[in-house]
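Only one structure is covered here, and it is reproduced in the block below.
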Amino acid sequence: MSFDWREIEEKWRKEWEKAKIFEADPDPKREKCFVTFPYPYMNGPLHLGHGFTATRVDVYARYKRMRGFNTLFPWAWHWTGEPILGAALRVKSGDPEMIRALKEIDGVPEEELKKFVDPIYMARYYTSEGREAVRKIGFSVDWRREFHTTSLEPTYSRFIEWQYETLRRKGYVVRGTHPVVWCPNCRSPTGDHDRLEGEGVSAEEYVLLKFQFNDAYLPAATFRPETIYGVTNMFLNPDADYVEAVVDGEKWIISREAASKLSEQLKSVKVLREFKGAELIGEYFVDPISKRRLPILPGWFVDPESATGVVYSVPAHAPADWIALKDLINKPDVLRKFGIDPEVVRGIKPISLIEVEGYGDYPAVEIIEKMGIKDQFDPRVDEATSTIYRKEFHTGVLKPITGKYAGKRVQDVKSELIEDFKQVGIADIMYDLPEKVVCRCTTRCIVKVLSDQWFLKYSDPEWKEMAHEAVDEARIYPEEARAYFHDKIDWLHDWACARRTGLGTPLPWSPGWIVETLSDSTIYMAFYTIIKLIRQHNIKAEQLTNEVFDYIFLGMGNPEDLAEESGIAAGLLKEMRREFTYWYPVDLRVSAKELVPNHLSFFIFQHTALFPREFWPRAIGVNGMLSIEGKKMSKSKGNFLTLSNVVDNFGADVTRLTLMLGAEGMDDPDWRVENAKSIDSRLRALYRLIGEIVSLQGDSEMQNIDRWLISVIQGRIKSVTEAIETLRTRTAAEVALFEVWNDIRWYLRRAKKRNPNTLREVAEMWIRLLAPFTPHLCEELWHLMGNEGFVSTAEWPKYDEGKVDVKAEESESLIRNLMADTASIIGVTKMTPKKICYYVASGWKWRSYLEMIRESLETKIEMRTIMRELMKDPELRREAKKISVFVSKALQEINAMPTDQKKRRLKAGELDEEALLKEAKRFLEKEFKAEILVYKEEDPLRYDPKNRANLAKPYRPAIYIE
RNA sequence: GCGGGGGUGUCCGAGUGGUCAAAGGAGGCAGGCUUAGGACCUGCUGGCGUAGGCCUGCGCGGGUUCGAACCCCGCCCCCCGCACCA
């Protein structure tokens with residue numbers, strides 16, 4: 001029985017498309033469900049990670065559709081931003097790495113590749129490839145609502161303009177300055193993707209403390225301005241080039257490099273003269289706090305490339321400073337060369353200002369000694385510095401020498417102190433990079449402070465508060481992700497929402513700026529609701545005025561007036577409004593967890609800013625990141641799997657199900673070919689099994705085992721349903737595929753006669769439970785079973801409490817336990833049984849047992865009380881002695897029994913074990929290949945040579961084997 | 001460093017107080033089918049045990065509880081994110 005996935009899948013895809021079952025229009029009579037997947041960025045093909053997240057969306061959509069919801073799953077493509085442009089440029093310049101990736105990984109044919117010098121062509125290419133992949137994997141998308149971003153989709157662009165003008169009007173977009181890593185050659189910020197060197201490096205903010213030097217300042221850079229109270233001297237690099245420059249009207253002495261850096265940081269810098277650091281060595285400067293005169297000493301460790309190239313020395317708390325001083329003390333000749341009396345240096349004593357646990361007054365001195373660092377060129381100086389820094393920052397308390405800050409912890413007082421110092425004019429700030437960053441164009445990057453930047457004011461406390469509320473009101477899957485959202489909402493600060501380059505939508509009020517990529521993708525789900533009508537009625541971008549959008553999305557104005565202004569018929573405007581209000585809010589949005597700190601949080605923020613509360617997102621799902629054979633997927637590692645390729649290799653259903661069984665919640669799924677192969681053969685076996693069930697003939701009487709199967713299937717329906725509802729897609733797939741399968745397997749093993757009606761009933765439910773995961777195969781099976789219509793729109797199986805048969809289930813678990821016990825005895829005794837005797841518990845044991853369970857539901861039962869209770873029954877009273885022996889044994893078992901099981905057993909009541917076992921006799925004989933005899937424990941005619949019958953307990957018949 | 005997630009049997013992975021030697025899958029073993037099979041079907045799969053039991057066990061160490069993989073305290077280790085970028 002071989003069949004071709006591609007053939008089946010293609011067949012049903014065409015049928016679905018022909019019947020337009022995934023095209024969703026407003027229907028006031030039906031409840032709606034609007035699910036979305038963040039549109040993928042089109043600088044490359046869709047990969048398997050997209051497939052994972054989107055399959056979760058599709059499973060949910062298909063499930064909801066079967067539940068009778070009018071379900072909309074739209075799709076679109078993100079073109080906004082730099083990378084498409086960058087990639088096209090790299091193709092143009094013939095970047096071999098880029099060309100290789102495009103050819104080998106993305107499978108771009110040679111003749112197409114040439115055209116990739118045009119970024120738009122590239123985006124279109126990947127978009128159409130992507131669309132094909134989405135179709136192939138069987139996502140239930142309404143394609144009438146497809147679009148892409150940027151000004152190349154003028155109506156979308158107009159929508160973004162409306163969004164930003166509205167945000168600005170409401171005060172959520174503001175102007176400001178911001179430091180960025182900047183390439184002076186490209187004249188643009190250099191993101192991580194655009195760097196040859198320095199990945200992950202970002203600007204650090206130094207505090208400059210301005211020490212007086214004659215008519216000038218020596219602005220020393222530091223992260224620890226509190227240490228100014230312990231300054232003992234200054235270090236300049238005698239071999240480095242310094243300048244005297246007028247900086248914002250003051251005379252500063254800084255390294256030559258620093259001067260050019262500062263000129264990019266909104267400071268006016270005019271260099272007066274240049275000189276070697278040696279010139280100032282031996283001179284004195286004044287500390288602005290205590291007005292002490294302190295010496296300037298030579299320090300070759302001072303890097304003129306780092307910040308100002310001016311360093312003040314705090315030997316008590318900075319290991320580098322202490323070791324540098326020690327070096328100088330050991331080299332009196334060097335000092336004399338600079339005209340410094342060695343006694344001056346020897347006379348410098350560390351000044352302690354921070355009290356820190358585990359150290360004395362001079363932590364820097366201690367750690368240098370402890371680590372055995374010998375001079376300032378020892379590479380471990382950095383390690384010592386960061387150890388002391390961390391320790392002092394987190395646990396250090398400032399000493400009385402620090403005046404008003406005394407007694408406070410360093411980390412608590414730091415920002416206050418910086419503000420104070422700025423106020424009195426002794427501090428300034430400067431940005432610099434902690435490590436070298438090199439742009440792709442090979443130019444070394446600097447920090448530039450951009451002015452006139454446009455920001456989304458995510459720092460706004462009231463806005464944050466609304467975002468928190470939106471998170472509180474939404475369902476978050478998994479629940480653990482909720483804390484993550486709250487945390488990230490607090491952590492977000494203002495976001496530069498416009499850029500100078502890249503594809504996108506120009507900022508309407510400020511030419512030369514383009515709305516940045518993460519910022520034009522926050523509320524576009526609203527656009528899905530109307531793009532269909534925009535297309536159908538050929539509405540032009542110019543007609544979509546702000547007032548029109550205000551009406552559609554916010555219900556402002558009246559359609560008759562708007563019709564006149566815009567030329568869009570009033571009826572059509574109303575229809576667009578209806579379409580929006582019908583579909584909105586978003587019922588579920590799903591993405592990988594990496595998008596929580598940015599896209600998903602922005603999505604939440606902007607919804608709260610622009611829409612009334614009833615249109616805030618209803619549910620957000622977050623999932624892990626897909627790895628391939630245990631490794632992170634990446635083009636450079638050569639383990640990049642495109643969605644299209646995987647679907648071609650394994651088929652849509654195998655791919656979908658394998659992905660779904662990979663992980664749920666925030667766990668990272670792992671794609672393994674072995675798993676996919678195993679799922680492939682599973683599904684083929686499923687096809688065969690259903691085929692067998694379909695071919696079963698005749699009729700058969702309902703046995704206990706039939707009731708059992710129908711009953712446990714109810715439980716499966718319930719757990720699959722609950723799992724999908726809460727987006728636990730792995731659990732749902734696992735139960736729907738394997739647990740149901742095992743139930744049926746047990747039935748087939750156990751049933752005397754396979755009942756075609758039972759199996760057909762179960763198979764139909766089974767196929768429907770699997771349909772969201774493997775829709776094509778299920779469609780095939782659905783029809784194989786003789787059903788009309790699509791399984792994709794069939795009714796989701798209903799959990800039917802009336803079909804739950806606790807007695808049948810408990811009876812079956814009795815049989816299973818008995819088999820396990822019997823097998824265990826056979827295993828231990830190593831005997832080949834000829835005869836197996838079972839003795840079932842007597843009626844009084846059952847009655848006592850059930851009574852004990854009943855009692856134990858309320859209290860912890862005790863011997864004395866339960867006996868008193870049982871003895872009220874005159875019939876039981878006659879067996880008082882035996883009962884007391886039995887009760888004392890059963891007591892522990894019942895007290896340890898989970899409530900759930902107690903309830904089940906109580907509900908099942910007394911089982912007719914004798915009948916049950918007799919009915920299972922043939923089955924047990926087949927299983928154990930031995931004669932099975934069943935007796936009541938008190939049967940006087942029983943065969944019981946070892947006298948085991950009295951060991952019988954309810955649910956646990958006594959066993960004798962020979 | 002900060003924040004989030006996590007460490008379970010040969011492997012992957014459920015499980016958040018008793019039904020747990022621990023779902024399910026993979027792998028392994030055995031049997032069936034078969035000329036044969038890496039195909040398919042069925043069963044078994046921690047150790048010990050001549051009667052349904054016992055022992056060990058869920059990152060490490062301690063504690064709470066009649067009872068802990070699950071709760072509390074301390075420790076170790078791993079993964080992910082940390083901003084102008086999709």
Side-chain angles (χ1 to χ4, degrees), chain A residues 1 38 40-43 78 80-84 178-181 189 191-194 200 202 386 389-390 393-394 450 453 455 478 480-481 483-485 487-488 490-499 502 516-519 521 592-599 622 624-625 627 630 632 661-668 670 672 674-675 677-679 681-682 684-685 688-689 730-731 734-735 737-739 741-742 745 748-749 813 817-818 820-831 860 892-893 895-902 904-905 927 946 948 951 956-961:
Chain A
M1 170 123 28
Y41 187 67
M42 285 295 101
N43 66 335
H78 205 191
T80 309
E82 295 273 316
I84 292 176
H178 189 72
V180 294
V181 177
D192 252 1
H193 309 289
D194 306 323
S202 60
S386 87
Y389 177 83
R390 282 209 305 270
F393 179 75
H394 292 290
L450 296 178
Q453 238 321 331
F455 288 93
E480 299 97 88
Y484 195 11
F485 275 109
D487 182 66
K488 288 305 157 193
D490 279 332
W491 161 91
L492 267 170
H493 53 238
D494 293 351
W495 182 264
C497 62
R499 294 207 62 166
E516 174 272 335
T517 166
L518 284 176
S519 303
S521 55
K593 59 189 171 190
E594 58 172 355
L595 296 191
V596 170
N598 42 67
H599 167 70
V622 176
M625 313 250 306
S627 61
K632 193 172 166 174
L661 287 166
E664 65 191 7
M666 288 203 271
D667 294 338
D668 298 327
D670 185 25
R672 287 177 193 266
E674 279 307 306
N675 293 350
K677 284 184 180 161
S678 135
I679 292 303
S681 46
R682 274 285 175 177
R684 289 171 196 273
R688 284 193 300 273
L689 179 54
R730 192 193 114 91
T731 300
E734 194 271 326
V735 174
L737 182 67
F738 296 116
E739 307 287 357
W741 201 313
N742 286 340
R745 258 175 35 195
L748 295 177
R749 180 179 172 188
S813 81
N817 290 336
L818 188 63
D821 283 347
T822 307
S824 158
I825 294 167
I826 293 169
V828 169
T829 58
K830 299 189 178 70
M831 51 164 91
K860 185 178 167 179
Q892 237 185 338
E893 178 200 324
N895 273 331
M897 198 184 281
T899 314
D900 185 54
Q901 192 179 356
K902 286 180 189 169
R904 290 174 68 82
R905 293 208 165 166
E927 291 285 322
K946 284 274 172 71
R948 301 194 54 84
L951 297 174
R956 208 145 198 218
I959 303 170
Y960 169 72
I961 302 177

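Just the heavy atoms: all of them, side chains too, but no hydrogens, waters or symmetry mates, feed the values below. A note on names: the letters A, B, ... follow the listed sequences, proteins ahead of strands, and every chain is numbered from 1.
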Backbone N/O of A:Ile825 and side chain of A:Thr829: donor-acceptor pair under 3.5 Å:
yes

Could one point to a donor on the side chain of A:Arg948 or the base of B:G52 with an acceptor on the other under 3.5 Å away?
yes

Euclidean distance, atom CD of residue A:Glu927 to atom C1' of B:C44 [Å, nearest integer]:
12 Å

Expressed as a whole number of angstroms, how long is the span from A:Glu734:CD to B:A26:P?
11 Å

Would you call A:Asp670-A:Arg672 a salt bridge at under 4.0 Å N-O?
yes

Contact class for A:Pro597 vs. all strands (heavy atom < 4.0 Å): base, sugar-phosphate, or nothing?
sugar-phosphate

Could you check how far CZ of A:Arg672 sits from P of B:G25, rounded to whole Å?
18 Å

Just to be sure I understand the rule, does A:Leu450 reach a base, reach only the sugar-phosphate, or reach nothing, if contact means heavy atoms closer than 4.0 Å?
nothing

Base, sugar-phosphate, or nothing: which does A:His493 touch, judged by heavy atoms less than 4.0 Å apart?
base

Considering just the side-chain nitrogens and oxygens of A:Arg745, establish if one lies under 4.0 Å of OP1 or OP2 belonging to B:G43.
yes

Taking atom C1' of B:G4 as reference, at what distance in whole Å does atom CG of A:Leu595 sit?
15 Å

Does A:Asn675 reach a base, just sugar-phosphate, or nothing at all? Heavy atoms under 4.0 Å.
nothing

How is A:Ser681 classified with respect to the nucleic acid when contacts are heavy atoms under 4.0 Å: base, sugar-phosphate, or nothing?
sugar-phosphate

Could you tell me the separation between the CG atom of A:Leu737 and the CD1 atom of A:Ile679, rounded to the nearest 0.5 Å?
6.0 Å

Between B:C79, B:C41, B:G3, which nucleotide has the shortest distance from any of its atoms to the side chain of A:Arg688?
B:C41

The side chain of A:Ile959 is closest to which nucleotide in this list: B:A51, B:U50, B:G49?
B:A51

Going by ring centres under 5.5 Å and near-parallel planes (under 30°), is A:Phe393 stacked on B:G1?
no

Using the C1' atoms only, state how far B:A69 lies from B:G15, rounded to an integer number of Å.
8 Å

Report which part of the nucleic acid A:Glu82 touches: base, sugar-phosphate, or nothing (heavy-atom distance under 4.0 Å, all strands).
sugar-phosphate

Considering only side-chain heavy atoms of A:Thr829, which listed nucleotide, B:A51, B:G24, B:G52, is closest?
B:A51

Would you mind reading off the distance between A:Asn742 atom CG and B:U42 atom C1', rounded to a whole angstrom?
12 Å

Any base atoms under 4.0 Å from A:Val828, or only sugar-phosphate, or nothing? Heavy atoms, all strands.
base

Nearest heavy atom decides the nucleotide; on that basis, is A:Glu480 or A:Lys632 closer to the 5' end of RNA chain B?
A:Glu480

Nearest to the A:Tyr484 side chain among B:A51, B:A14, B:G4, which nucleotide is it?
B:G4

Rounded to whole Å, please give me the gap between CG in A:Asp490 and P in B:C2.
17 Å

Quick check for you: among B:C82, B:U50, B:A26, whose closest atom lies nearest to any side-chain atom of A:Trp491?
B:C82

Which of the following nucleotides, B:G5, B:U19, B:G43, is nearest to the side chain of A:Met666?
B:G5

Is A:Asp667 salt-bridged to A:Arg730, cutoff N-O under 4.0 Å?
no

Say whether A:Glu734 and A:Thr731, considering side chains only, have a donor N or O and an acceptor N or O under 3.5 Å apart.
no

So A:Asn43, base contact, sugar-phosphate only, or nothing? Heavy-atom distance under 4.0 Å.
nothing

With C1' as the reference atom in both, quote the distance from B:C12 to B:C48 in angstrom, rounded to an integer.
28 Å

What nucleic acid atoms does A:Pro478 come within less than 4.0 Å of, heavy atoms only: base, sugar-phosphate, or nothing?
nothing

Check every atom of B:G52, B:G6, B:G25 against the side chain of A:Asp667 and return the nucleotide holding the closest atom.
B:G6

Write down the distance between CD1 (A:Ile825) and P (B:G53), rounded to a whole number of angstrom.
9 Å

Taking A:Ser824 for the side chain and A:Ala820 for the main chain, is one N or O donor matched with an acceptor at less than 3.5 Å?
no

Interatomic distance, A:Glu664 CD vs B:C12 P [rounded to whole Å]
18 Å

Have a look at A:Glu674 and say if it touches a base, only the backbone sugar-phosphate, or nothing, with a 4.0 Å heavy-atom cut-off.
nothing

Using a cut-off of 4.0 Å on non-hydrogen atoms, how would the nucleic acid contact of A:Ala958 be classed: base, sugar-phosphate, or nothing?
base

Candidate nucleotides B:C41, B:G13, B:G52, ranked by approach to the side chain of A:Asp821 - the nearest
B:G52

Could you check whether A:Leu492 gets within reach of a base, just the sugar-phosphate, or nothing at all, counting any heavy atom under 4.0 Å?
base

Assign A:Arg956 to base, sugar-phosphate, or nothing according to its heavy-atom contacts below 4.0 angstrom with the strands shown.
base

Any sub-3.5 Å donor-acceptor pair from A:Arg948's side-chain atoms to A:Ala958's backbone N or O?
no

